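Below: one structure, written as structure tokens.
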Amino acid sequence: MKQKRVNKVDNERLNKLQTKEASVNLEWVLKQHNIQELKSTIQLMSFIELHIEIENYDMQGVSHVMLNNSIQLKFISIANGLLIYQETNCIVLSDCVIQKKKFHCNHNQLFLIVLQNNGGRLILIFSHPMSQKEWFKILKFQAKQIDFLKKYRIQDNICLNFYEISHKKKKKKYAAQIINRKNFKFQDQQEIINNYIKILRNNNIQNVFPIVSIFDDNDILYLVTEQFIGSTFEQLLSNNKKMLTQADLAFIIFSVLQNLRGLQDEDLFHGNLTFDNIIIVNQQGQLGIYVINPIYKLYNQKSIDYYVKTVSEYLIAPEINQNQIPSVNSDIYQLGIILLLVSFYGISQNLNNSFIQRILNNRETLISQQEIKFQKCLDSDFPHLFSACQLDLIKKMIEKDPNKRIQVQDAIKHAWFINTKDKIKMQKQHFNRHLPSLKTIIEMVEQSEYDIKRKSHQTTGINFINQRPSIKKYDFSPYAQQQPEFSPQRKTSESMNEIIDEEHQISNLIDQLNNKQCVMLPSQNNHFNQGNQLRLIQTENNLDQFQV
């Protein structure tokens, strides 16, 4: 699941607005008594020198900026989550709070966008309201906003700290992860949250929730995303009414591996893969995985205390205790432990510390016992352990030696995922082999309609084509079927019931044949897509299909 939001820019309109902004004279502003409202303090902002060449920009244009008691026209652009100022300097938008404001003076009016971070503020001044609207439309998806509760209403809890919210004016529903920074106990947590936001903004990382907007109000962060229904991996396992199939489990593990591959490509890692940090979501009928709450920061051997305190002991890879820093390699170990616990988990058990320790202490024995079962072509003793391939992947992921542990790119190509896909394909082909062809179904429907209608004509002697009563003369009450008072050929109640019964026979037969036809025809959602990504389609709120 990649970021899918695309911010459309009307370049023709933007060029016209740029010409208008460049030609306007704002010298009159310098004579106003409330001029302080327009002054930028960018000398205090932490600008970064831009040393890379950017090919694709989200937006480019000009704005007036007030500096040193003078109004100056500046070239600005947006790309890769950065606001680039005068082509050489930039600020990270996710570190900034953004606001729209107006500047009033006599009969004049200016339209402002205020960007502020811990250092200072940059005020973009526009003479035309459409300029402000176009720039704010792009900036609000990159920076943070304020006044969340003025725009949204918090409703039901979805899971963990995710809530369903609704826009007060548009009435549209969204979801939001709410994070209270007042509860932070360590200084590292602020840096980790900032990095988390950057990860969510990164379009190259799969299976993170797509950000709609971010609000920062009084140390409370609201990370707004599209509406979804979801539960944590632990909640899914604890649901006694639901058994995970091999396709379900393979889908979840594969999706997390996709996320880790994206993190590794960006020189990042997750750091804390737990049952609560993997969310199974339903968004507009399509199911997927959100991997949440990474604890990425630049650790070193002397400053790894926060990581060790945060991560559960059973999920800490052996190399971390030998003063190695976390990486995607240690994430693989964590995911392997999760797969191990799920594989030896039963519905009657509780996923608590006692169960976890028992499985971890006996993992070598448990694995070897089940390997013997599979060698004898017997089923495993555990409902979520499906094959010897699954055991092989577990062993490679929880390998204690990090140099021998399977790499993320190899784990994604593991035989377990390939075999799971092949099993589903074989089951599908076996099922379809016993179904009639589409041509046969059509012929059956046509023949059935003809036979029953012919029988109906012979029984009643009524010509439906030439002597139909007017439909307007019937009262279509759900409780009674009345006949017209002055019908030229009044039907007896017995003959009418017979006709109705026969019409029901036709309808029922067509429904039955159509149902078979629908089962046979491939759904648009049931094809393996070309991107080799997993998709999980929901049927009656159950995890149903696994596809590679």
Side-chain angles (χ1 to χ4, degrees), residues 45-52 80-82 90-96 117-119 179-202 204-208 219 221 223 256-274 276-278 291-338 360 396-411:
M45 297 184 77
S46 52
F47 276 97
I48 304 169
E49 289 190 16
L50 190 65
H51 297 294
I52 59 173
N80 301 331
L82 302 172
C90 60
I91 51 176
V92 179
L93 287 170
S94 61
D95 294 336
C96 298
N117 62 18
N118 294 332
I179 299 171
N180 190 346
R181 289 182 299 195
K182 292 179 181 178
N183 296 331
F184 287 0
K185 297 179 181 179
F186 305 99
Q187 188 175 357
D188 307 68
Q189 288 176 275
Q190 182 57 56
E191 181 184 355
I192 285 167
I193 285 297
N194 291 339
N195 292 335
Y196 181 29
I197 292 172
K198 292 181 178 68
I199 288 172
L200 295 178
R201 297 286 195 193
N202 192 322
N204 296 323
I205 300 173
Q206 291 180 256
N207 299 317
V208 296
D219 285 329
L221 280 174
L223 310 180
V256 179
L257 286 171
Q258 284 182 312
N259 177 262
L260 296 183
R261 181 175 60 184
L263 289 171
Q264 182 172 265
D265 291 343
E266 301 294 317
D267 294 325
L268 306 169
F269 59 86
H270 188 281
N272 193 24
L273 289 174
T274 67
D276 278 342
N277 286 338
I278 300 171
V291 185
I292 64 170
N293 299 335
I295 56 172
Y296 171 80
K297 68 183 291 289
L298 294 176
Y299 296 97
N300 56 51
Q301 293 180 354
K302 295 181 180 179
S303 64
I304 204 170
D305 291 346
Y306 175 78
Y307 180 89
V308 175
K309 290 176 182 176
T310 303
V311 179
S312 298
E313 185 178 356
Y314 74 92
L315 289 172
I316 296 178
E319 64 268 21
I320 303 298
N321 294 322
Q322 298 173 0
N323 293 326
Q324 290 192 32
I325 59 174
S327 64
V328 167
N329 200 7
S330 56
D331 288 343
I332 290 289
Y333 179 86
Q334 291 183 346
L335 185 60
I337 293 295
I338 288 174
L360 294 181
K396 289 179 177 178
M397 294 177 78
I398 63 174
E399 167 62 50
K400 294 181 179 180
D401 187 346
N403 297 319
K404 297 179 181 178
R405 192 176 303 146
I406 191 170
Q407 299 297 304
V408 64
Q409 58 270 20
D410 296 324

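This structure is a prediction, so every number in the text was calculated from the model and none was measured. Keep in mind that the numbers below use all heavy atoms, side chains included, and drop hydrogens, waters and symmetry copies.
- Here the straight-line distance linking atom OG of S327 with atom CG of L268 works out to 12.0 Å at 0.5 Å rounding.
- For E49, the side-chain contact (heavy atoms from CB on, under 4.5 Å) test picks out H51, N89, with sequence neighbours left out.
- The nearest pair of heavy atoms linking P294 to I199 is CG-CD1, 3.8 Å.
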Subject >> Criterion side chain to side chain donor-acceptor pair (under 3.5 Å) on D95 and N117, from CA distance to verdict >> reply: CA-CA 6 Å; D95 294 336; N117 62 18; over 6 Å; no

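- Judged by distance alone, with hydrogens and angles left aside, the side-chain atoms of D331 form a donor-acceptor pair with the main-chain N or O of H270 at under 3.5 Å.
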Show me the donor-acceptor pairs, under 3.5 Å and distance only, between side chains in residues 185-192 and residues at least two apart or in other chains.
from: Q189; atom 1: OE1; to: K185; atom 2: N; distance (Å): 2.7
from: Q189; atom 1: OE1; to: F186; atom 2: N; distance (Å): 2.9
from: Q190; atom 1: NE2; to: N194; atom 2: OD1; distance (Å): 3.1

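- Of all the heavy atoms in I398 and G336, the pair that sits closest is CG2-C, 3.4 Å.
- Taking a 6.0 Å sphere around CG of N183, one finds it holds more than 12 heavy atoms contributed by other residues, nucleotides or ligands.
- Between I316 and V308 the shortest heavy-atom distance is CD1-O, 4.0 Å.
- Of all non-hydrogen atoms in V291 and L273, the two that sit nearest each other are CG1-CD2, 3.8 Å.
- L315 approaches T274 most closely through the heavy-atom pair CD1-CG2, 3.7 Å.
- Here the side chain of E399 pairs no donor or acceptor atom with the backbone of I406 at under 3.5 angstrom.
- Remark: N300 pairs with K302, S303 by the side-chain contact (heavy atoms from CB on, under 4.5 Å) rule, at least two apart or across chains.
- Using a distance-only test at 3.5 Å, with no hydrogens or angles considered, a donor-acceptor pair links the side chain of N329 to the main chain of P402.
- Separating the CG atom in L257 from the CE atom in M397 is a distance of 5.0 Å, to the nearest 0.5 Å.
- In this structure, I48 CD1 and I91 CD1 are separated by 9.0 Å, a value rounded to the nearest 0.5 Å.
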Original post:
F184 and I179: side chain to side chain contact (heavy atoms under 4.5 Å, CB included), yes or no, with the steps?
Top reply: CA-CA 10 Å; F184 287 0; I179 299 171; 4.0 Å; yes

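- Contact of the D265 side chain with the N204 side chain is not registered, since no non-hydrogen atoms from C-beta on lie closer than 4.5 Å.
- Residue pairs meeting the side-chain hydrogen bond (donor to acceptor under 3.5 Å, both in side chains) criterion with at least one partner in residues 308-326, sequence neighbours excluded, are E319-R405.
- The closest donor-acceptor contact from the side chain of N195 to the backbone of Y296 lies under 3.5 Å.
- Of all heavy-atom pairs between R261 and V408, the closest is N-CG2, 3.8 Å.
- Here N202 contributes atom CG and L263 contributes atom CG; the two are 8.5 Å apart, rounded to the nearest 0.5 Å.
- For P326, the side-chain contact (heavy atoms from CB on, under 4.5 Å) criterion is met by F269, Y299, I304, Y307, I320, S330, not counting sequence neighbours.
- In this structure, the salt bridge (Lys or Arg N to Asp or Glu O under 4.0 Å) partners of D219, at least two apart in sequence or on a different chain, are R181.
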